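Naming convention: chains lettered A, B, ... in sequence-line order (proteins, then strands); numbering from 1 in each chain. Everything quoted here is computed from the prediction, not taken from an experiment.
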Amino acid sequence: MIDKRVRMVADALADVPDGACILLGGFGAVGQADALIDGLIEQGATNLTVVANNAGSGRTGLARLLELGRVRRMICSFPRSPGSSVFEELYRAGRIELEIVPQGTLAERLRAAGAGVPAFYTPTGVGTLLAEGKEVREIDGRPYLLEKALHGDVALIEGWRADRWGNLTYRESARNFNPVMAMAGKLTIAQAQHIVELGELDPEAIVTSGVFVDRIVHVPYATAAAAA
Amino acid sequence: MIDKRVRMVADALADVPDGACILLGGFGAVGQADALIDGLIEQGATNLTVVANNAGSGRTGLARLLELGRVRRMICSFPRSPGSSVFEELYRAGRIELEIVPQGTLAERLRAAGAGVPAFYTPTGVGTLLAEGKEVREIDGRPYLLEKALHGDVALIEGWRADRWGNLTYRESARNFNPVMAMAGKLTIAQAQHIVELGELDPEAIVTSGVFVDRIVHVPYATAAAAA
Amino acid sequence: MVQTATEQGWKPRNRSQIASRVARDIPEGWVVNLGIGIPTLVADQVPEEREVIFQSENGVIGFGPAPAADAVNPWLINAGKQPVTLRKGGAYIHHADSFAMIRGGHLDLCVLGAFEVAENGDIANWAVSATDTAPAVGGAMDLAVGARRLWVAMEHTTREGRPRLVKRCSYPLTAAAAVSRIYTNLAVIDVTPEGFRVVDMVDGLSFEALQAMTEAPLRQG
Amino acid sequence: MVQTATEQGWKPRNRSQIASRVARDIPEGWVVNLGIGIPTLVADQVPEEREVIFQSENGVIGFGPAPAADAVNPWLINAGKQPVTLRKGGAYIHHADSFAMIRGGHLDLCVLGAFEVAENGDIANWAVSATDTAPAVGGAMDLAVGARRLWVAMEHTTREGRPRLVKRCSYPLTAAAAVSRIYTNLAVIDVTPEGFRVVDMVDGLSFEALQAMTEAPLRQG
């Protein structure tokens with residue numbers, strides 16, 4: 001029987017190595033795998049690269065991971081948010097590397113990694129500072145940048161409903177980066193609000209196939225709310 | 001009020017021009033927009049390029065369009081099927097051009113067209129006859145082919161449920177090429193088995209956004225079955 | 001600035017009036033993405049009976065007005081991370097699908113805020129200098145090149161009175177030759193192959209006064 | 001061929017026995033795509049209690065056995081366009097997502113038929129000559145390069161007795177250096193850096209007899 005459920009967050013994260021590239025789902029706080037990020041803080045892996053849309057806010061979650069000095073490099077589209085002072089201080093102090101990626105390019109690079117596309121062309125960023133060092137190529141008369149797939153060693157994502165095969169649905173705008181990160185992670189770990197019986201998810205409405213998911217941890221809403 | 005419903009197939013297809021590139025959804029007969037293809041036969045546009053997974057079978061639908069000499073060029077992955085004799089005769093007689101594209105490359109080229117990616121690299125086809133004339137590039141030590149986006153002037157697709165905004169769901173494996181073709185068509189026309197009220201489709205389970213769909217024709221199942 | 005203006009017999013549009021002026025030009029059926037700032041206010045200025053499909057980068061298609069304070073759904077936010085609602089006919093998609101829609105040319109319009117717009121349509125809206133600390137680009141570059149039309153909604157000048165409609169952007173570009181129309185607190189201005197062309201101005205403002213607050217030359221009518 | 005073989009004291013596997021031999025090597029939990037021909041038969045040879053997720057190019061994940069003749073659902077077919085069923089936990093996806101899964105390296109295994117496999121793992125299974133009329137590649141090239149493992153299930157020789165396990169493919173390639181294991185009616189053979197290595201043979205068949213029906217050299221054990 002295929003059963004990807006893992007009882008404890010700590011067990012799900014036990015083998016995350018130092019130096020790993022971690023993909024964190026979510027857009028701001030929505031769809032962010034809070035329990036798994038807290039687990040990663042506990043777990044101790046360091047010298048990490050973190051890929052996320054934002055660079056954390058306040059003093060918990062990603063901001064806490066940053067504050068602990070565990071992240072060597074951030075890859076994100078929008079590091080400056082209300083409350084993102086931890087990141088900004090580290091960055092100004094030269095204690096963290098930053099790769100700014102346009103949000104659409106970030107999503108597409110993750111999708112490319114999941115889809116076996118090593119590189120693709122995009123018009124986004126042509127003629128801007130973010131084109132520096134990138135190949136520019138004219139195709140049918142228009143210039144494009146070459147962008148490469150962005151793979152993760154570990155993806156930490158948040159789903160809404162999950163079954164034991166790892167199939168996932170999401171809730172409203174909490175879907176965001178989670179499905180593409182699930183595809184782009186070598187090891188994909190999902191926390192889910194609800195675990196349902198195999199066959200309960202509508203096969204027409206499963207958003208992330210269990211094929212992309214390695215481990216599922218049940219983190220019911222009440223727990224997450226208490227943690228928030 | 002946004003209302004993409006068109007009463008008659010003929011009206012939906014009235015402005016398809018000669019020389020157009022037509023994307024036909026479906027995988028074999030499943031998910032193929034039979035009523036729209038019949039409408040196109042009636043409509044008369046000629047000198048067409050047709051993109052579809054298969055090259056028709058029997059003497060109806062796409063095979064009939066081919067037999068009438070209306071297609072200049074087929075782009076497909078699998079032209080040889082039981083009953084694909086119309087295409088094979090035309091091809092042997094040199095009366096139709098053929099571009100064979102691996103099925104995954106075909107799907108990805110369509111998706112790229114819809115997603116604003118003008119070209120991408122893929123390992124599929126490297127070192128084969130289908131690599132002839134294509135740029136090969138090594139990325140991180142592995143060779144890849146450059147493949148270009150495949151745009152359509154008109155996409156003819158089949159949905160299961162539709163609303164007046166053009167939102168679509170599909171039925172089981174009839175989903176196949178339809179969603180990517182909907183994205184890749186400049187003008188996307190869908191036939192749907194059921195028209196439902198706006199708001200009846202689950203926002204978590206809409207597969208093709210109405211943003212990609214220009215016209216909807218209601219072709220209830222009974223009609224389609226009678227036509228088949 | 002505002003005081004002087006009023007003394008001179010004209011009154012600049014406030015933020016919500018700029019948004020309302022933008023909204024007037026959005027026809028039914030368009031698919032529209034709204035940036036942060038003044039553009040965000042546009043959604044509430046479109047009358048409910050006019051169906052406009054607002055798309056948000058984080059995968060919300062067809063969002064509706066902000067919910068009442070006691071009806072906020074924390075899972076449903078727009079790209080500015082503010083709570084929104086979903087209209088009938090709306091849908092949720094993931095980030096790559098959302099940007100496929102944006103970058104694939106499927107939006108009729110994007111309205112962005114900006115620091116500067118140049119007379120050739122260049123837009124600068126993401127970083128105030130090449131050495132900006134932790135500049136935040138978000139989806140601006142994708143939207144600027146992907147949407148069929150890019151409009152900008154912004155103040156006509158900086159607080160210090162420096163023009164934002166310029167010959168050449170001094171801030172780092174978001175995209176080149178992308179803007180087609182600008183809505184400011186003073187005027188609506190098209191970007192044409194010949195440069196800026198005034199569509200309309202607030203009542204009482206003279207063309208000469210508007211030109212004085214604009215770096216690049218304006219054309220009339 | 002078969003007659004001669006039987007006279008010589010061994011019996012080739014039939015198609016369903018080849019499929020059964022393949023099925024024996026597929027562990028629970030693998031995600032597997034099956035090509036047309038003998039590979040298609042593998043699904044029914046995996047015992048139902050062993051959960052293997054069969055994926056089909058046309059966007060079916062987790063298909064189950066063929067339905068009874070009176071329970072055929074015309075909307076639910078596999079890549080060979082035969083009716084199938086969906087297991088609990090299965091799902092439908094579109095073609096680009098399906099090939100993203102295939103090409104992105106998410107399948108544990110693909111089993112294809114072939115005309116020829118070379119000792120370096122080259123596979124030819126889509127066209128019988130460079131001037132083939134209307135060759136049909138389907139998803140074979142995508143599967144051959146995308147799946148983590150590529151196994152081939154085929155007859156050991158052509159009907160005329162010509163070896164299909166060759167030094168170099170004479171037919172147009174589907175993919176280079178892609179095959180890791182071959183299941184034939186006579187043997188199971190691994191493709192190793194040193195060439196073909198026999199894993200097992202049908203009862204009574206000698207290594208020499210197998211070598212005689214194989215163009216490239218075989219290694220034992």
Fill in the blank from the handout: CD1 of D:I93 to CG of B:N176, rounded to nearest 0.5 Å, is 11.5 Å
Problem - NZ (D:K167) with more than 12 external heavy atoms under 6.0 Å - result: no
Exercise for the section: Using a cut-off of under 4.5 Å on heavy-atom pairs, state which of B:A107, B:G104, B:S77 scores highest against chain D. Expected result: B:G104
Problem - Under 4.5 Å from any heavy atom of chain D - which part of B:N178 - result: neither
Practice task
Inspect the surroundings of CZ in B:R73 and state if more than 12 heavy atoms from other residues, nucleotides or ligands are less than 6.0 Å away.
Solution key: yes
Completion exercise
Rounded to the nearest 0.5 Å, the CZ atom of B:R171 sits from the CG atom of D:L76 at a distance of 9.0 Å
Problem - Over 12 non-hydrogen atoms of neighbours within 6.0 angstrom of NZ in D:K88 - result: no
Handout entry: Segment of D:S56 engaging chain B (4.5 angstrom heavy-atom cut-off)
Key = neither
Exercise for the section: Answer yes or no: does atom CD of D:E48 have more than 12 heavy-atom neighbours from other residues, nucleotides or ligands under 6.0 Å? Expected result: no
Practice task
Could you tell me which portion of D:N73 (side chain, backbone, both or neither) has an atom closer than 4.5 angstrom to a non-hydrogen atom of chain B?
Solution key: side chain
Practice task
Could you look at B:T105 and say if it's the side chain, the backbone, both or neither that has a heavy atom under 4.5 Å from chain D?
Solution key: both
Exercise for the section: Count the heavy atoms of every other residue, nucleotide or ligand shown that sit under 6.0 Å from CZ of B:R137, and state whether that count exceeds 12. Expected result: yes
Problem - Largest heavy-atom contact set with chain B, pairs under 4.5 Å, which of D:G59, D:A144, D:A175, D:G139 - result: D:G139
Exercise for the section: Starting at CH2 of D:W126, measure out to CD1 of B:I100 and round the result to the nearest 0.5 Å. Expected result: 6.5 Å
Practice task
On the 0 to 90° scale, with breaks at 30° and 60°, tag the B:W160-D:W75 ring pair as parallel, tilted or perpendicular.
Solution key: perpendicular
Fill in the blank from the handout: Between the CG atom in D:L86 and the CD atom in B:E172, the distance rounded to the nearest 0.5 Å is 8.0 Å
Problem - When D:D142, D:L143, D:I102, D:N58 are compared by non-hydrogen pairs under 4.5 Å with chain B, the top option - result: D:D142
Practice task
Specify which of B:L130, B:N54, B:N53 makes the most heavy-atom pairs with chain D at under 4.5 Å.
Solution key: B:L130
Exercise for the section: Drop me the distance from D:S98's OG to B:Q103's CD, to the nearest 0.5 angstrom. Expected result: 8.0 Å
Problem - Smallest separation among heavy atoms of D:I77 and B:V30, with atom names - result: CD1-CG2, 3.5 Å
Fill in the blank from the handout: Greatest number of non-hydrogen atom pairs under 4.5 angstrom with chain B, of D:P74, D:A176, D:G138, falls to D:G138
Practice task
Taking the six-membered ring for Trp and the full ring for Phe, Tyr or His, determine whether the centres of B:F27 and D:H95 are under 6.0 Å apart.
Solution key: yes
Practice task
Determine, stepwise, if the pair B:R175 / D:D97 fulfils side chain to side chain contact (heavy atoms under 4.5 Å, CB included).
Solution key: CA-CA 11 Å; B:R175 185 180 301 200; D:D97 279 350; over 6 Å; no
Exercise for the section: Can you tell which part of D:Y92 gets under 4.5 Å to a heavy atom of chain B, answering side chain, backbone, both or neither? Expected result: both
Completion exercise
Between the OG1 atom in B:T122 and the CE atom in D:M141, the distance rounded to the nearest 0.5 Å is 11.0 Å
Exercise for the section: Using modelled atom types only, decide if a donor and an acceptor are shared between the side chain of B:S173 and the backbone of D:V60 within a distance under 3.5 Å. Expected result: no
